[in-house]
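Notes follow the structure.
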Amino acid sequence: MSQHPVLLVVAHGSRDPRHAATVHALVRRVRAARPQLRVETGFLDFNVPSVPGVLESLAADGVRDVVALPLLLTRAFHAKADIPAVLRQAPPGLRIRQADVLGPSPLLTAALERRLHEAGLGPAGKSSTGVVLASAGSSDPEAIAVIADIAREWWRTGWCAVRPAFASASLPRTEDAVRELRELGCARVAVAPYVLAPGFLPDRIVRGAAGADVVADVLGAAPEVARVLLERYDAARLPRVTALGA
């Protein structure tokens with residue numbers, strides 16, 4: 001049996017089949033990057049296998065150490081409450097450590113730029129292009145502040161402007177940010193969805209981006225995202241991380 005803790009990727013889940021397909025594609029990339037590591041996927045809702053079901057299976061296989069990695073970009077309700085509550089119900093023989101969420105990370109910013117380039121936005125004219133950093137949104141002030149910080153840091157890399165926007169819970173909406181960048185005088189406006197997988201809220205972002213010149217795809221299984229997953233896994237193996245469970 002591997003001496004490495006099993007990596008359990010904890011995804012939110014969605015009724016939209018594109019969500020689970022994207023999560024599985026990302027997990028395949030992680031497995032390919034580190035073949036010796038056992039990587040499992042569990043969903044909080046809508047999809048199978050469920051997180052409790054995966055934990056039961058791991059315990060039955062004799063696994064003792066698990067790193068549970070929230071497939072989330074910000075520390076909001078799911079990371080602070082939902083996931084710890086599920087992990088505390090794990091079989092008593094498992095030692096579970098919860099890794100940090102994925103963002104913020106320079107690798108994720110690189111993945112955003114990758115998606116913009118793939119959508120047809122070349123590096124030329126960056127200084128005349130305004131970008132909407134469009135996230136799903138949250139009622140958690142910490143999560144909203146992180147998105148604003150990412151937008152400010154990204155703007156410093158040479159864009160005309162970068163504005164945060166939110167598909168729910170917070171303002172402005174994507175269409176409002178697109179309009180603001182037009183009024184600011186940016187020659188082009190691009191929308192970069194800061195979301196991991198397709199679904200209801202990402203679709204709302206796309207609808208709000210109707211007035212933009214370029215609309216990027218979700219982050220999905222970008223290689224940079226897979227690298228962040230492994231970085232968070234490696235950090236969670238350190239003794240300083242608080243263990244959950246027995």
Side-chain angles (χ1 to χ4, degrees), residues 7-32 39-55 68-83 85-86 101-103 108 111-112 114-116 118-119 132-140 143-144 146-147 150 164-178 190-212 214-226 228-229 232:
L7 169 56
L8 171 58
V9 177
V10 180
H12 183 273
S14 171
R15 292 187 178 90
D16 190 321
R18 297 173 299 168
H19 174 89
T22 302
V23 170
H24 291 312
L26 175 59
V27 169
R28 285 195 297 271
R29 187 178 284 276
V30 171
R31 288 184 180 129
V39 185
E40 301 290 346
T41 308
F43 295 91
L44 292 174
D45 207 352
F46 302 117
N47 303 105
V48 293
S50 67
V51 174
V54 175
L55 293 173
L69 194 154
L71 199 59
L72 301 168
L73 294 172
T74 57
R75 269 183 50 79
F77 181 78
H78 292 302
K80 295 176 180 179
D82 278 358
I83 293 175
V86 171
V101 297
L102 302 183
L108 294 178
L112 288 167
R114 170 192 290 276
R115 292 301 188 224
L116 285 171
E118 290 170 350
V132 178
L133 180 69
S135 78
S138 173
S139 58
D140 188 309
I144 298 305
V146 167
I147 300 299
I150 293 170
F166 308 94
S168 69
S170 308
L171 294 174
R173 295 285 183 259
T174 303
E175 51 268 36
D176 300 323
V178 169
V191 173
Y194 189 61
V195 292
L196 286 167
F200 176 75
L201 293 178
D203 284 350
R204 181 180 287 177
I205 289 172
V206 172
R207 289 195 298 273
V214 175
V215 183
D217 199 357
V218 298
L219 294 173
E224 295 88 352
V225 180
V228 177
L229 259 73
R232 298 293 183 257

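Positions are given from 1, in the same order as the sequence printed here. Keep in mind that what you see is a predicted model, and the values were worked out from it rather than measured.
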Heavy-atom pair with the smallest gap, counting every atom of Ser135 and Phe166: OG-CD2, 3.1 Å
For residues Val10 and Leu44, determine if any side-chain heavy atom of one lies less than 4.5 Å from a side-chain heavy atom of the other. yes
Would a distance-only check, ignoring hydrogens and angles, find a side-chain to backbone donor-acceptor pair under 3.5 Å from Arg29 to Ala226? no
Apply side-chain contact (heavy atoms from CB on, under 4.5 Å) to residues Leu196 and Leu102 and explain how you reach the verdict. CA-CA 10 Å; Leu196 286 167; Leu102 302 183; 4.0 Å; yes
If you apply the rule side-chain contact (heavy atoms from CB on, under 4.5 Å), what do you find for Leu72 with Ile83, and how did you get there? CA-CA 11 Å; Leu72 301 168; Ile83 293 175; 4.0 Å; yes
Closest contact, heavy atoms only, Val214 versus Ala119: CG1-CB, 3.6 Å
Sub-4.5 Å side-chain heavy-atom contact between Val48 and Phe43: no
Where do Ala165 and Val132 come nearest, in terms of heavy atoms and distance? CB-CG1, 3.6 Å
Minimum side-chain heavy-atom gap Ile205-Leu201 below 4.5 Å: no
Please examine the side chains of Leu112 and Leu133, heavy atoms only from C-beta on, and report whether any two atoms are closer than 4.5 Å. yes
Closest heavy-atom contact between Ala177 and Pro164? CB-O, 4.3 Å
Given 3.5 Å as the limit, does a donor-acceptor pair link the side chain of Arg115 with the main chain of Ala192, or not? no
Using side-chain heavy atoms (C-beta onward) and a distance below 4.5 Å, is Val101 in contact with Thr74? no
Write down the atom of Val191, the atom of Ala212, and the distance for their closest heavy-atom approach. CG2-CB, 3.8 Å
Give the ring-plane orientation class for Phe46 versus His12, where under 30° counts as parallel, over 60° as perpendicular and anything between as tilted. tilted
Rounded to the nearest 0.5 Å, how far does CG of Leu219 lie from CG of Asp217? 9.0 Å
Search all heavy atoms of Thr174 against all heavy atoms of Ala134 and return the closest pair with its distance. OG1-CB, 3.9 Å
Atom pair OH/CD1 of Tyr194 and Ile147 - distance to nearest 0.5 Å: 5.5 Å
What's the spacing between Leu7 CG and Arg31 CZ if we round to 0.5 Å? 9.0 Å
Can you find a pair of side-chain heavy atoms, one from Val9 and one from Leu26, that are under 4.5 Å apart? no
Side-chain contact, heavy-atom cut-off 4.5 Å: His19 with Asn47? yes
Only residue of Val218, Asp203, Val23 satisfying side chain to side chain contact (heavy atoms under 4.5 Å, CB included) with Arg18 is Asp203
